[in-house]
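One structure below.
Just so it is clear: chains get the letters A, B, ... in the order the sequence lines come, proteins before strands, and each one is counted from 1.
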Amino acid sequence: MLDKLQQLGAATIASVQGFGRAALMVFGALWGRPRFVKAWPLYIKQFYVVGVLSLLIIVVSGLFIGMVLALQGYTVLSKFGAEQMLGPLVALSLLRELGPVVTALLFAGRAGSALTAEIGLMKATEQLSGMEMMAVDPLRRVIAPRFWAGVVCMPLLALIFNAVGILGGHLVGVDWLGVDAGGYWSAMQANVDLQEDVLNGVIKSMVFAFLVTVIALHKGFDAVPTSEGISQATTQTVVTASLAVLGFDFVLTAVMFGG
Amino acid sequence: MTTRKLEILVGAFVALAIAALLLLAMKVANTGVTGSDQSYKLYAKFDNIGGLKVRSPVKVGGVVVGRVASIQLDPEAFQPVVTLEINSSYSNFPETSSLSILTSGLLGEQYIGLQPGFVDENVEILADGDYIEDTKAAIVLEELIGQFLFNRGNQ
Amino acid sequence: MGNTVAEPLVNIQNLIFRRGERVIYDDMSMQFSRGKVTAIMGPSGIGKTTLLRLIGGQLKPDSGHIWFDGVDIPALGRNDLYQARKKMSMLFQSGALFSDMSVFDNVAFPIREHTKLPEEIIRMMVLMKLEAVGLRGARDLMPGELSGGMARRAALARAIALDPQLIMYDEPFAGQDPISMGVIVRLIRSLNDALGLTSIVVSHDVGEVMSIADYVYVVAERRVIGHGTPQQLREHDSPLVQQFLQGLADGPVPFHFKAADYAGELMELKD
């Protein structure tokens with residue numbers, strides 16, 4: 001009994017310490033003037049690695065999820081003779097929920113795990129230490145560009161995901177199942193609100209972007225510098241980031257759309 | 001060099017995201033009839049608002065001219081007070097106009113239908129903060145059925 | 001030789017460092033004279049690398065002073081520490097080359113980070129440093145394409161890129177074949193003399209260290225157990241120092257891990 005209690009206490013302390021170290025890391029990376037001019041190539045490279053290279057999986061997933069939504073929605077809606085509501089169904093599901101969440105999950109698996117492994121390996125091969133000894137702060141040189149790339153790219157990816165998904169829904173609903181094209185778009189327009197739906201979705205994906213990126217960077221930076229430690233850290237990134245995204249999604253949904 | 005290639009690719013990525021945002025903003029979402037700076041408020045008391053919700057549309061002959069901004073209960077008369085935000089470009093409804101709560105289709109959502117009234121010299125134009133006096137309550141299906149059965153019983 | 005004329009570049013006084021409950025250093029003092037190659041030797045696991053990290057300010061001691069060129073490293077704030085680090089450099093055991101840059105860019109890295117020199121001058125500087133370690137022809141290779149010895153030499157070129165006052169070598173001879181070992185021994189000595197560096201070499205390769213060091217500290221059991229020039233050490237009367245220098249299996253550091261009496265333990269089985 002006491003042992004269990006002690007385990008709980010130890011786990012709590014460890015996770016609070018983890019939060020503290022993550023906060024210190026982000027603070028250290030962002031504190032002071034960012035050197036955008038000198039570090040420009042570094043930022044560009046991270047935007048490419050984190051954003052552009054994630055594009056393919058985002059576009060393909062978005063297209064298929066939009067298509068499946070239209071297919072599933074159509075079978076239900078056609079029972080009530082409400083096929084013209086297919087547009088709003090696809091658009092609202094994507095904008096409010098699936099776009100931000102699925103993008104965040106894919107991002108955690110694709111870019112997040114890569115960030116963790118890369119930074120963990122840099123730590124294991126003493127590259128971070130070496131940088132520090134050359135009077136270059138690894139937080140600013142390594143962490144900061146990756147942080148900004150993640151935080152900026154993910155909402156952009158979510159927007160692309162949404163747009164592609166809606167086009168995918170159009171492909172199935174209009175071109176295949178024969179819903180009226182004008183009805184698809186106009187019903188969507190009548191029911192989707194720029195602020196309520198589009199903007200809230202973007203805010204959600206910004207929160208998720210921060211969560212996933214910080215978790216990925218922190219797990220890499222804090223990894224035990226052995227091959228086993230790095231593989232554990234990579235797994236933890238995907239698991240922790242996914243759970244954090246789903247948990248925060250519930251809270252954000254309750255705040256935004258629950259009232 | 002390679003940085004240039006990366007810059008081009010990143011630029012294309014950002015352009016794609018902006019295109020996606022434009023698609024979502026222009027084609028998917030309604031840009032909102034009510035901007036807070038270009039609308040005016042009207043008030044109306046109803047006996048029963050049925051399933052009316054905040055942000056339900058206000059329509060004139062099927063055209064959306066505004067939205068329901070808030071719904072409150074008058075603490076003395078125990079009547080719901082509905083605040084309407086009407087787009088400023090529709091600013092010449094006479095005070096004889098009437099409101100009724102209607103349903104789009106059999107199962108659709110409820111909205112407020114605004115029926116513009118007659119205009120003559122004694123009739124003023126509705127301005128910000130005015131009350132619309134002539135309102136018709138929402139039709140509640142249960143009451144309608146009850147009434148119908150009651151009438152049948154009397155015959 | 002008047003080695004007391006100039007104050008030492010690095011002066012460690014009464015250093016105490018613990019890692020958790022374990023005491024790594026207990027009241028240790030050392031001096032590293034300017035322009036000399038000073039070696040720190042000792043058995044594995046006594047935290048020789050830790051000492052270099054302490055001098056570099058990556059770790060903070062529990063008490064004691066580490067004077068480097070007139071400043072006390074543990075007492076420095078972040079900015080002053082980074083200023084001090086520009087005057088020192090460290091050669092890591094693994095080399096710690098940045099795996100996503102070519103050899104040239106690796107050597108150019110500290111120059112680009114800390115100066116605003118035009119690219120032609122950086123190119124000249126980098127080629128000079130690479131020439132010094134004999135790798136000018138390998139400038140376009142990636143670190144993954146280098147052998148272990150070449151990687152260490154490339155890292156050495158990077159370490160001297162900004163002409164530091166102090167260079168610290170962490171196990172420079174570990175895992176090297178005899179040829180590249182000889183190359184590195186020669187480089188440490190010649191760079192030290194040609195560039196007027198002060199060098200600290202941490203190693204347990206007795207032969208190589210004794211051949212290049214001007215002064216040697218032998219560290220064991222949380223403190224300095226002997227120091228002096230290589231010649232003085234060979235004549236040192238401490239049995240522990242002699243055991244380490246001659247590589248005897250048994251001596252004050254016992255071959256056997258602490259255990260109960262051997263014969264007694266064997267006999268226990270009979271009961």
Side-chain angles (χ1 to χ4, degrees), chain A residues 40-55 58-59 62 80-82 84-85 87-88 90-92 94-95 99 149 152-167 169-170 184-199 201-202 259, chain B residues 1-39 53-59 62-72 85 87 102-112:
Chain A
W40 178 249
L42 288 175
Y43 279 75
I44 283 295
K45 183 164 179 228
Q46 290 311 318
F47 272 72
Y48 173 76
V49 170
V50 169
V52 178
L53 292 184
S54 305
L55 202 53
I58 291 292
V59 167
F80 301 104
Q84 77 278 6
M85 292 303 280
V90 172
L92 288 180
L94 281 170
L95 289 169
V152 172
C153 284
M154 207 178 96
L156 299 183
L157 288 169
L159 283 174
I160 295 172
F161 185 95
N162 287 335
V164 171
I166 287 167
L167 294 177
H170 184 274
Y184 185 82
W185 291 113
S186 65
M188 207 187 281
Q189 271 192 348
N191 286 279
V192 178
D193 188 79
L194 185 66
Q195 200 174 352
E196 183 102 329
D197 302 313
V198 179
L199 199 70
V202 172
Chain B
M1 263 172 41
T2 47
T3 308
R4 183 179 147 75
K5 207 170 121 194
L6 293 184
E7 277 175 340
I8 293 171
L9 286 166
V10 171
F13 168 61
V14 174
L16 196 63
I18 292 173
L21 181 64
L22 285 180
L23 177 87
L24 295 180
M26 313 294 280
K27 199 116 199 244
V28 173
N30 55 13
T31 27
V33 185
T34 54
S36 55
D37 52 344
Q38 53 200 20
S39 67
K53 291 188 180 64
V54 173
R55 299 202 58 76
S56 293
V58 178
K59 296 182 181 178
V63 178
V64 178
V65 297
R67 290 194 180 270
V68 172
S70 71
I71 299 170
Q72 264 127 17
E85 267 185 355
N87 196 320
L102 304 169
T103 308
S104 53
L106 194 58
L107 298 169
E109 60 175 0
Q110 292 195 298
Y111 65 94
I112 293 186

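Contacts between A:Ile44 and chain B at a heavy-atom distance below 4.5 Å involve backbone atoms as well as side-chain atoms. If you measure heavy-atom distances from A:Leu95 to chain B, the contacts under 4.5 Å come from the side chain alone. The contact between B:Leu23 and chain A is made entirely by side chain atoms (from C-beta outward), counting heavy-atom distances below 4.5 Å. In this structure, the portions of A:Leu159 lying under 4.5 Å from any heavy atom of chain B include both its backbone and its side chain.
Between B:Leu24 and A:Ile166, the closest side-chain pair of non-hydrogen atoms falls below 4.5 Å.
Looking at every heavy atom in both residues, A:Gln189 comes nearest to B:Met26 through NE2-O, 2.9 Å.
Heavy-atom pairs under 4.5 Å with chain B peak, among A:Val52, A:Asp197, A:Val152, A:Asn162, at A:Val52.
Each of A:Val164, A:Leu157, A:Ile160, A:Leu156 was compared with B:Leu16 under the side chain to side chain contact (heavy atoms under 4.5 Å, CB included) criterion, and only A:Ile160 meets it.
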